[in-house]
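Numbers for residues simply follow the sequence, beginning at 1.
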Amino acid sequence: MPSVAVKLYSVFFKFLLKHRLQNRIQTPSEESSPFGVTTRPEESVAASNPSFSDGVATKDIHIDPFTSLSIRIFLPESALHPPEPDSKLQSKTKVRLNVGKADLEQSESLLRRSSYGSSNVGTATTRQEEYRRSSYGGHGSDVEALNLKSDAYRGYAPVDVNQRKLPIMLQFHGGGWVSGSNDSVANDFFCRRISRLCDVIVVAVGYRLAPENRYPAAFEDGLKVLNWLGKQANLAECSKSMGNVRGGVESKKADSNRQHIVDAFGASMVEPWLAAHGDPSRCILLGVSCGANIADYVARKAVEAGRLLDPVKVVAQVLMYPFFIGSVPTHSEIKLANSYFYDKAMCLLAWKLFLPEEEFSLDHPAANPLIPDRGPPLKLMPPTLTVVAEHDWMRDRAIAYSEELRKVNVDAPVLEYKDAVHEFATLDMLLKSPQAHACAEDIAIWVKKYISFRGHEFSY
């Protein structure tokens, strides 16, 4: 069972959340503006920091002039340095990490209750590789023309020309559609942890919240960011070609008078961090709670778009305790209806605030992943890791969705954590718990299987 402190905090959390949800339902909604909001006044926000003080640099970008849609980029410091070529040093590091491995295996086995359907992963070997932290070796490229020095990014653009290209992870925060933000203290901490462990560039999406902007605003924002990544990749290539003269040799005149693609405000449209370090052909989606619903939607749209999204390719997705529901209750929805933090009654209020009144249904495509004719065929979906908690009333439907994916041969393992509650790995109070850290490490192990250059999880 969860600790007494977690139970007490859950009571306080539910009281505040219920009060806020009821106030928003009872307050007459004014004419909704498409611009929307991405955070609430009561949200604790972490300022962006372009320095690598803790190994990860961050910056915020407002990418859509017509809405409040924004992103926060998390760039790990490892992107600035080429991989260590000394194999002896790597072997020494491996030996050091194996010290005390048995003790760590025993302690972490108590945190995880069970896992389902993990294909192509050897349990013993996977546990051994959990202690490695360095990722694949990337290929160097000349990114001097892409490291912009305009006023818009002065002090932000890295200057080293021999960096690795890292995968890009789109992260969608939770909050029951009506709260949370991509720059909150809790989400900032979580994304920094994931960026370091997975060795990826995390792009946290600040989508528009309900009830100011109801469905499908948040889903459209998620897809818009995916398309923006593709645009950035194409603009970076175009900017690179404009900065080079015939024969591929950059002249001093071209360097001093280099032209860049500009928008209506005169600022460079090329995002230098992504241009210098991002590899959109290895894109991962990660959604937390209701953000998992957005991630699954974006994955489906990516499958439907196919090569139209080139060079962006979604290679995997991670659904952390997804916010699924349906008209026919599952066993956990009945047994755990009054569970910790997010009980079923409050989640129903959140769905009423998110879905338009004329479309409200617990079997809405945004709510229930198991309804027929949802499209595209499940067999085309990317590999999907699902994380669930023992004391979460939404767990059974998430497991059922994973089982449907496995029936059509999609790699869709489930990690279930014992004595855990909804948002156990992302809630502010629980972020530093052993379970939260173990969950992040498990996600990193699985994700690296699909972002490694060698094509399997043991190459990093």
### Task
Report the distance from atom CG of Leu355 to atom OG of Ser361, rounding to the nearest 0.5 Å.
8.0 Å

### Message
For a salt bridge (charged side-chain N to carboxylate O under 4.0 Å, His left out) check, start with the C-alpha distance between Arg196 and Asp54, then their side-chain angles and the critical distance, and finish with the verdict.
### Response
CA-CA 10 Å; Arg196 286 191 296 264; Asp54 66 341; 3.6 Å; yes

#### Entry: Which residues share a side chain to side chain donor-acceptor pair (under 3.5 Å) with Arg193, sequence neighbours left out
none

### Atom NZ of Lys313 with >12 non-hydrogen neighbours under 6.0 angstrom
no

### Message
Whether the side chain of Ser327 engages the backbone of Leu362 through a donor-acceptor N/O pair (distance < 3.5 Å, no angle test) should be reported.
### Response
no

### Task
May I ask you to decide if Leu197's main-chain N or O and Lys448's side chain share a donor-acceptor pair within less than 3.5 Å?
yes

### Query
So with a 6.0 Å cut-off around NZ of Lys231, is the heavy-atom count from everything else above 12?
no

## Note on the structure
Tightest non-hydrogen contact, residues Gly174 and Tyr207, listed as O-OH, 4.2 Å

### Message
Contact between Asp221 and Phe172 at the side-chain level, heavy atoms closer than 4.5 Å - yes or no?
### Response
no

### Task
May I ask you to check whether Ser289 and Tyr342 show a side-chain donor-acceptor distance below 3.5 Å?
no

### Query
Would Asp64 and Arg208 pass as an ion pair if we require N to O under 4.0 Å?
no

### Summary
What one should report as the nearest heavy-atom pair of Ala57 and Pro50 is CB-O, 3.3 Å

#### Entry: Pair Tyr9-Asp428, side chain to side chain contact (heavy atoms under 4.5 Å, CB included): steps then yes or no
CA-CA 11 Å; Tyr9 185 68; Asp428 49 3; 3.2 Å; yes

#### Entry: Arg395 bridged to Asp392 by N-O distance under 4.0 Å
no

### Audit row: Val288, His173, side chain to side chain contact (heavy atoms under 4.5 Å, CB included) steps and yes/no
CA-CA 5 Å; Val288 176; His173 65 82; 5.7 Å; no

### Message
If only side-chain N and O atoms count, and only distance matters, is there a donor-acceptor pair under 3.5 Å linking Ser181 with Asp183?
### Response
yes

### Query
Short question: side chain of Asp411, backbone of Pro383 - any donor-acceptor pair under 3.5 Å?
no

### Message
Keeping Asp279 on the side-chain end and Lys165 on the backbone end, is there a donor-acceptor pair under 3.5 Å?
### Response
no

### Task
Establish, from distance only, whether the side-chain atoms of Gln171 and Asn187 form a donor-acceptor pair under 3.5 Å.
yes

### Task
Look at the rings of Phe219 and Tyr297 and say which category their plane angle falls in: under 30° parallel, 30 to 60° tilted, over 60° perpendicular.
perpendicular

### Message
Less than 4.5 Å apart, side chain to side chain, heavy atoms only: is that true for Val318 and Met169?
### Response
no

### Message
Taking the ring of Phe341 and the ring of His422, is the distance between their centroids below 6.0 Å?
### Response
no

### Query
Does a side-chain heavy-atom distance below 4.5 Å link Leu405 with Tyr401?
yes

### Backbone of Val56 reached by a side-chain donor or acceptor of Arg192 within 3.5 Å
yes

### Query
Out of Ile63, Leu226, Ile168, Ile61, which residue meets the side-chain contact (heavy atoms from CB on, under 4.5 Å) rule with Val203?
Ile168

### Message
Assess whether a salt bridge exists between Arg20 and Glu43, defined as any Lys/Arg side-chain N lying under 4.0 Å from an Asp/Glu carboxylate O.
### Response
no

### Message
Thr384 and side-chain contact (heavy atoms from CB on, under 4.5 Å): which single residue from Val414, Leu319, Asp296 fits?
### Response
Leu319

### Message
Would the distance check show the side chain of Gln232 and the main-chain N or O of Glu271 forming a donor-acceptor pair, the cut-off being under 3.5 Å?
### Response
yes

### Task
Specify whether Trp177 and Phe354 have parallel, tilted or perpendicular ring planes, treating 30° as the upper limit for parallel and 60° as the lower limit for perpendicular.
parallel

### Query
What pair of heavy atoms forms the shortest contact from Val298 to Leu223, and how long is it?
CG2-N, 3.8 Å

### Task
Indicate yes or no: at least one non-hydrogen side-chain atom of Leu378 is less than 4.5 angstrom from one of Val410.
no

### Query
Taking Ser184 for the side chain and Gly180 for the main chain, is one N or O donor matched with an acceptor at less than 3.5 Å?
no

### Message
List the residues meeting salt bridge (charged side-chain N to carboxylate O under 4.0 Å, His left out) with Lys335, not counting sequence neighbours, and say none if there are none.
### Response
none

### Task
Compare every heavy atom of Leu336 with every heavy atom of Glu390, then report the nearest pair and how far apart it is.
O-CD1, 3.5 Å

### Query
Hey, does the side chain of Ser332 reach the backbone of Asp396 with a donor-acceptor pair shorter than 3.5 angstrom?
yes

### Query
So, for Phe74 and Ala204, which heavy atoms are closest and what is the spacing to 0.1 Å?
CE1-CB, 3.8 Å

### Message
Please determine whether side chain to side chain contact (heavy atoms under 4.5 Å, CB included) holds for the pair Leu370 and Arg397, giving the CA-CA distance in whole Å, both sets of side-chain angles, and the decisive distance to 0.1 Å.
### Response
CA-CA 8 Å; Leu370 301 176; Arg397 199 172 300 272; 4.3 Å; yes

### Message
Restricting to non-hydrogen atoms, name the atom on Leu431 and the atom on Thr426 that form the minimum distance, rounded to 0.1 Å.
### Response
CD2-CA, 3.7 Å

### Task
Show your reasoning for whether side chain to side chain contact (heavy atoms under 4.5 Å, CB included) applies to Asn182 and Ser70.
CA-CA 8 Å; Asn182 65 327; Ser70 62; 4.1 Å; yes

### Task
Keeping the roles fixed (side chain from Arg72, backbone from Asp188), state whether a donor-acceptor pair exists under 3.5 Å.
no

Distance-only donor-acceptor pairs under 3.5 Å for side chains of residues 343-351, two or more places apart:
{"unit_1": "Asp343", "atom_1": "OD1", "unit_2": "Ala345", "atom_2": "N", "d": "3.3"}
{"unit_1": "Asp343", "atom_1": "OD1", "unit_2": "Met346", "atom_2": "N", "d": "2.9"}
{"unit_1": "Asp343", "atom_1": "OD2", "unit_2": "Lys14", "atom_2": "NZ", "d": "3.4"}

